[in-house]
Amino acid sequence: MKLYIIRHGETEWNTVKRMQGQTDIPLNENGINLAKEVGKYMKDIHFDYIISSPLERAITTAKLITEGRNIPFKTDYRLIEMSFGKWEGCRITDPNVVPPEFDKKFHEDPSNCMTPPGGESFDDVLKRTKEFYDELCATPEYKDASILISTHGAAGRCLLANFYEDKKDIWRGQIPPNCSVCIVEVKDGIGKVIEKDKMFNHAKLINNIVGRLKYIY
């Protein structure tokens, strides 16, 4: 089994650093163009299945990348982004709403980050993405399949944690850029990351949004 785990394209809330979480924000023009460009560079990669987060930004990204191809497509709630609860729509840097230590812990020490009121912890997302991965491995039709998985920044990194011994290092050096792809090979239930945050697109297009890629919200 080979997994192509992609983070969705850019949204307007990404550009103004609002916490999106499970709020269903669509791709902006840059995000649409980026997904289309990535699709050009992935056109020769065969996919047997597409599994996406149920949020529009992830679904649209997957459909734009595979436009014109007849590939079985389904959504799975376990791939949805981390919930920020009552803080969704707020800027993480607003000290009147979000405690300043949340921003620091979220980026630098996520395993010890507080849970947003009404939201999820990283442990919650690690648990549901592990359940998703375990189910993939237990499904016979996926054993030799090539699967595009369209998800989000935090959810994608939590899914990637299944392939590393250290589960606390969530970000693995950085928050994944929009439309970056992690490629994983799975043999006998053991996954190995063979590419991390690969960009299937022109550097020029990336430069249009590079200043906004630090934040996942």
Side-chain angles (χ1 to χ4, degrees), residues 1-15 20 22-81 129 132-133 136 141-142 144-160 163 172 174-186 191 193-217:
M1 179 167 60
K2 183 174 279 190
L3 309 178
Y4 293 80
I5 304 168
I6 189 165
R7 184 193 171 195
H8 64 79
E10 186 186 77
T11 73
E12 285 304 317
W13 278 21
N14 286 145
T15 68
Q20 282 180 133
Q22 297 179 6
T23 304
D24 208 1
I25 305 301
L27 299 183
N28 62 13
E29 184 177 354
N30 271 334
I32 291 170
N33 290 337
L34 181 56
K36 288 181 177 179
E37 189 73 8
V38 170
K40 294 177 184 178
Y41 284 82
M42 298 185 79
K43 65 182 176 62
D44 294 326
I45 297 175
H46 172 77
F47 296 117
D48 296 290
Y49 302 97
I50 301 169
I51 308 176
S52 175
S53 154
L55 294 180
E56 180 182 346
R57 58 189 184 270
I59 291 173
T60 302
T61 298
K63 288 186 174 180
L64 287 172
I65 287 172
T66 58
E67 191 170 14
R69 298 203 243 176
N70 185 22
I71 303 170
F73 187 109
K74 72 175 185 178
T75 61
D76 193 303
Y77 188 82
R78 292 169 293 187
L79 295 173
I80 201 169
E81 182 58 300
T129 52
F132 168 81
Y133 172 64
L136 283 186
E141 66 188 272
Y142 294 152
D144 298 313
S146 177
I147 307 172
L148 177 64
I149 296 175
S150 186
T151 184
H152 306 266
R157 278 301 199 251
C158 286
L159 177 58
L160 206 68
F163 315 116
R172 310 284 162 194
Q174 66 171 350
I175 289 172
N178 292 104
C179 279
S180 61
V181 182
C182 293
I183 306 172
V184 179
E185 284 188 343
V186 182
V193 179
I194 58 174
E195 293 265 10
K196 186 170 75 69
D197 300 337
K198 181 176 178 62
M199 304 304 299
F200 286 92
N201 54 285
H202 285 311
K204 180 179 180 181
L205 189 59
I206 281 295
N207 287 337
N208 291 334
I209 60 174
V210 70
R212 302 191 286 269
L213 291 182
K214 177 182 176 183
Y215 297 89
I216 73 163
Y217 322 111

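No hydrogens, no waters, no symmetry mates; every other heavy atom, side chains included, goes into these values. Quick caveat: nothing in here was measured; it's all calculated off a predicted structure.
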(request) Could you check Glu29 against Glu12 for side chain to side chain contact (heavy atoms under 4.5 Å, CB included), going step by step and ending with a plain yes or no? (result) CA-CA 9 Å; Glu29 184 177 354; Glu12 285 304 317; over 6 Å; no
(message) I need the Ile149 CD1 to Leu3 CG distance, nearest 0.5 Å.
(response) 4.5 Å
(request) Check Met199 against Pro177 and note the closest heavy-atom contact, atom names and distance. (result) SD-CB, 4.2 Å
(message) Between His8 and Glu81, is there a side-chain heavy-atom distance shorter than 4.5 Å?
(response) no
(message) Determine whether Thr61 and Cys179 satisfy the following criterion, side chain to side chain contact (heavy atoms under 4.5 Å, CB included), listing intermediate values before the conclusion.
(response) CA-CA 8 Å; Thr61 298; Cys179 279; 4.0 Å; yes
(message) Do Phe132 and Ile51 have side chains that approach each other closer than 4.5 Å (heavy atoms only, starting at C-beta)?
(response) yes
(message) If you compare all heavy atoms of Asn14 against all heavy atoms of Asn178, which two are closest, and at what distance to 0.1 Å?
(response) OD1-ND2, 3.6 Å
(message) Is it the case that the side chain of Ser180 and the backbone of Pro176 share a donor-acceptor pair, with hydrogens and angles ignored and the cut-off at 3.5 Å?
(response) no
(message) Please check: side-chain N/O of Ser146 versus main-chain N/O of His46, any donor-acceptor pairing under 3.5 Å?
(response) yes
(message) Looking at Ser150 and Ala58, would you say the former's side chain and the latter's main chain have a donor-acceptor pair under 3.5 Å?
(response) yes
(message) Within the 4.5 Å heavy-atom criterion, are Ile147 and Ile50 side-chain neighbours or not?
(response) no
(request) Side-chain contact test, heavy atoms from C-beta onward, threshold under 4.5 Å: evaluate it for Arg57 versus Pro26 and give yes or no. (result) no
(request) Taking all heavy atoms of Leu55 and all of Thr23, pick out the closest pair and write down the distance. (result) CD1-O, 4.4 Å
(message) Measuring only between side-chain heavy atoms, which start at C-beta, is Ile5 closer than 4.5 Å to Val181?
(response) no
(message) When you measure from the side chain of Asp144 to the backbone of Met1, do you find a donor-acceptor pair of N or O atoms at a distance under 3.5 Å?
(response) no
(message) Please check: side-chain N/O of Arg157 versus main-chain N/O of Gln174, any donor-acceptor pairing under 3.5 Å?
(response) yes
(request) Quick one: list whatever passes side-chain contact (heavy atoms from CB on, under 4.5 Å) with Lys198, sequence neighbours left out. (result) Ile183, Glu195, Phe200
(request) Answer yes or no: are there more than 12 heavy-atom neighbours, outside Lys36 itself, under 6.0 Å from its atom NZ? (result) no
(message) To the nearest 0.5 Å, what is the distance between CD1 on Ile59 and OG on Ser52?
(response) 5.0 Å
(message) Once salt bridge (Lys or Arg N to Asp or Glu O under 4.0 Å) is applied, do any residues pair with Lys40, and if so which ones, sequence neighbours excluded?
(response) Glu37
(message) ring pair (Phe, Tyr, Trp, His ring centres under 6.0 Å) for Phe73 and Tyr49? Distances and angles first, verdict last.
(response) CA-CA 6 Å; Phe73 187 109; Tyr49 302 97; over 10 Å; no
(message) A side-chain contact here means heavy atoms from C-beta on lying under 4.5 Å apart; do Leu148 and Ile6 qualify?
(response) yes
(message) What's the separation between atom SG in Cys182 and atom OH in Tyr4, rounded to the nearest 0.5 Å?
(response) 12.5 Å
(message) If you define the side chain from C-beta out and look only at heavy atoms, does anything of Tyr133 sit under 4.5 Å from Val184?
(response) no
(message) Determine whether a donor-acceptor pair (N or O, by modelled atom type, separation under 3.5 Å) exists between the side chain of Thr151 and the backbone of Leu79.
(response) yes
(request) Any side chain to side chain donor-acceptor pair (under 3.5 Å) involving residues 68-77? Give me the pairs, sequence neighbours left out, ordered by first then second residue. (result) Gln22-Tyr77, Lys74-Tyr142, Asp76-Arg78
(message) With a 4.0 Å cut-off on N to O distance, would you call Lys2 and Asp48 a salt bridge?
(response) no
(message) Any non-hydrogen side-chain atom of Glu10 less than 4.5 Å from a side-chain atom of Leu34?
(response) no
(request) State the CD1-OG1 distance between Ile80 and Thr129, to the nearest 0.5 angstrom. (result) 13.0 Å
